[in-house]
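Excluded from the calculations below are hydrogen atoms, water molecules and symmetry mates; all remaining heavy atoms, backbone and side chain alike, are included. Here, residue 1 is the first one in the sequence, and each next residue gets the next number.
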Amino acid sequence: MRKIIYLLTFTLAIVNISCASLFSPPNGVCTCTCAACINCTGKHHVALTAEQIARQDSLNAVKKLRAAELDSLLNMDYSLVHYEVSGPEPYKWDPNEVITTPQDVLMEMFKTGTPTTGGDTEYILKGINSNYKINDVYFYFNTTDGIPEPLRLVVHFYADDQINFSKLLFNLDGFKYEYVPTNIKRTNDDIFYSERFDNAMNEQSRDIVAGLAHCDYAEVLLVSEHGVSHRIYFSDKQLKHFKETYELYRLMGGKL
């Protein structure tokens, strides 16, 4: 009887102390699910080398990092966000614009004379040839008692081919403007045709004036009634003329 008790005691001891080693994989990490192994804090029944411990710590650190990244991704706000993107806007007449060019400097660039369209004094740049046989597009203005009348836009087209244009399409730095002139004069001189107008600008066309005075690139299409339109590309000199006339006009109190 005593031998039987010794045998049972020895068997239980083996089960409770070393059963984990019977089921441990070669790397020494215990995977046994018995009560003794579950309560074991080390889970190792074979001593690990320093290299194995370092590798295990590295793997644990990677797992924690990936878990943190996953948690961050899961908690991000994926709702759509509407962004306002602003860009260049079409040119507009600014009634409060401040002109910094000195008026006396601009005045030296102009010639004055007797106007043919009203007022008592005409202001036109010295660099402009107002002969209608010279193809050009330009501004000028008249004054009455020193006060500017509406700024005027002139278009002269002279060539051996007739256009019969009825409207103008401006492209000012990529912004489109349309202008329908009035009182277009059409004459012919032997084999040449002249089409021209001299119009006072107003509140409806003042944005075109501001655009011509401020843009870096400009072109205009003389739209034909018969399908043969003509495109004019403005030179830097022409754009400079628009700007200088506009600035003197505003400095002298001109309004549209």
Do [X] and [Y] sit in the same hydrophobic cluster, where Ile, Leu, Val, Met, Phe, Trp and Tyr count as joined when their side-chain heavy atoms come under 4.5 Å apart?
{"X": "Tyr217", "Y": "Leu222", "answer": "no"}
{"X": "Leu221", "Y": "Leu172", "answer": "no"}
{"X": "Val223", "Y": "Phe157", "answer": "no"}
{"X": "Ile128", "Y": "Met201", "answer": "yes"}
{"X": "Leu168", "Y": "Val228", "answer": "no"}

Report the distance from atom [atom1] of [X] to atom [atom2] of [Y], rounding to the nearest 0.5 Å.
{"X": "Tyr123", "Y": "Met252", "atom1": "OH", "atom2": "CE", "result": "4.0 Å"}
{"X": "Asp236", "Y": "Lys243", "atom1": "CG", "atom2": "NZ", "result": "13.0 Å"}
{"X": "Ile163", "Y": "Ser229", "atom1": "CD1", "atom2": "OG", "result": "7.5 Å"}
{"X": "Ile99", "Y": "Leu248", "atom1": "CD1", "atom2": "CG", "result": "10.0 Å"}
{"X": "Ser224", "Y": "Asp161", "atom1": "OG", "atom2": "CG", "result": "11.0 Å"}
{"X": "Thr245", "Y": "Leu151", "atom1": "OG1", "atom2": "CG", "result": "7.5 Å"}

Between [Y] and [X], is there a side-chain heavy-atom distance shorter than 4.5 Å?
{"X": "Val220", "Y": "Leu169", "answer": "no"}
{"X": "Glu195", "Y": "Gln162", "answer": "yes"}
{"X": "Asn135", "Y": "Ile232", "answer": "no"}
{"X": "Glu97", "Y": "Arg250", "answer": "yes"}
{"X": "Arg196", "Y": "Ile184", "answer": "no"}
{"X": "Leu153", "Y": "Val137", "answer": "yes"}
{"X": "Leu256", "Y": "Val209", "answer": "yes"}
{"X": "Asn199", "Y": "Thr182", "answer": "yes"}

- Using the salt bridge (charged side-chain N to carboxylate O under 4.0 Å, His left out) rule, collect all pairs that involve residues 208-232, keeping only residues at least two apart or in two chains.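 Non-adjacent pairs meeting salt bridge (charged side-chain N to carboxylate O under 4.0 Å, His left out): Glu219-Arg231.
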
- Linking Ile, Leu, Val, Met, Phe, Trp and Tyr through side-chain heavy atoms less than 4.5 Å apart, which residues share a cluster with Val180?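 Val180 clusters with nothing; isolated.
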
All N/O donor-acceptor pairs, side-chain side in residues 103-115, below 3.5 Å, sequence neighbours left out:
none

Judged by atom type as modelled, is there a donor-acceptor pair below 3.5 Å linking the side chain of [X] to the main-chain atoms of [Y]?
{"X": "Thr121", "Y": "Thr143", "answer": "no"}
{"X": "Gln238", "Y": "Ser235", "answer": "yes"}
{"X": "Asp120", "Y": "Asp145", "answer": "yes"}

- Count the heavy atoms belonging to other residues, nucleotides or ligands that lie under 6.0 Å from CG of Asn60, then report whether that count exceeds 12.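 Check passes, neighbour count above 12.
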
- Message: Atom CG of residue position Asn131 - does it have more than 12 heavy atoms of other residues, nucleotides or ligands inside 6.0 Å?
- Response: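 For Asn131, atom CG is crowded (more than 12 foreign heavy atoms under 6.0 Å).
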
- Item | Pairs flagged by ring pair (Phe, Tyr, Trp, His ring centres under 6.0 Å) wherever residues 231-256 is involved - sequence neighbours left out |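 For residues 231-256, and leaving out neighbouring residues, the ring pair (Phe, Tyr, Trp, His ring centres under 6.0 Å) pairs sorted by first residue read Trp93-Tyr246, Phe139-Phe242, Phe141-Tyr249, His214-Tyr246, Phe234-Phe242.
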
- Query: Which residue pairs satisfy the ring pair (Phe, Tyr, Trp, His ring centres under 6.0 Å) criterion with at least one member in residues 160-206, sequence neighbours excluded?
  - Reply: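 Listed by first then second residue: Tyr158-Phe192.
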
Closest heavy-atom contact between [X] and [Y]?
{"X": "Ser166", "Y": "Pro181", "value": "O-CD, 3.5 Å"}
{"X": "Leu212", "Y": "Ala218", "value": "CD2-CB, 4.5 Å"}
{"X": "Ser130", "Y": "His156", "value": "O-CE1, 3.2 Å"}

- Query: Are a donor atom and an acceptor atom from the side chains of Glu149 and Thr144 found within less than 3.5 Å of each other?
  - Reply: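 Side chains of Glu149 and Thr144: pair found under 3.5 Å.
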
- Run the salt-bridge test on Asp189 and Lys133 with the 4.0 Å N-O cut-off and return the result as yes or no.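 Yes, this pair counts.
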
- Show the numbers, then the answer: is there a side-chain contact (heavy atoms from CB on, under 4.5 Å) between Arg206 and Asn202? CA-CA 6 Å; Arg206 65 183 185 179; Asn202 53 34; over 6 Å; no

- Item | Pairing residues for Thr117 by the side-chain hydrogen bond (donor to acceptor under 3.5 Å, both in side chains) criterion, not counting sequence neighbours |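 Applying side-chain hydrogen bond (donor to acceptor under 3.5 Å, both in side chains) to Thr117 gives Tyr140, Asn142.
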
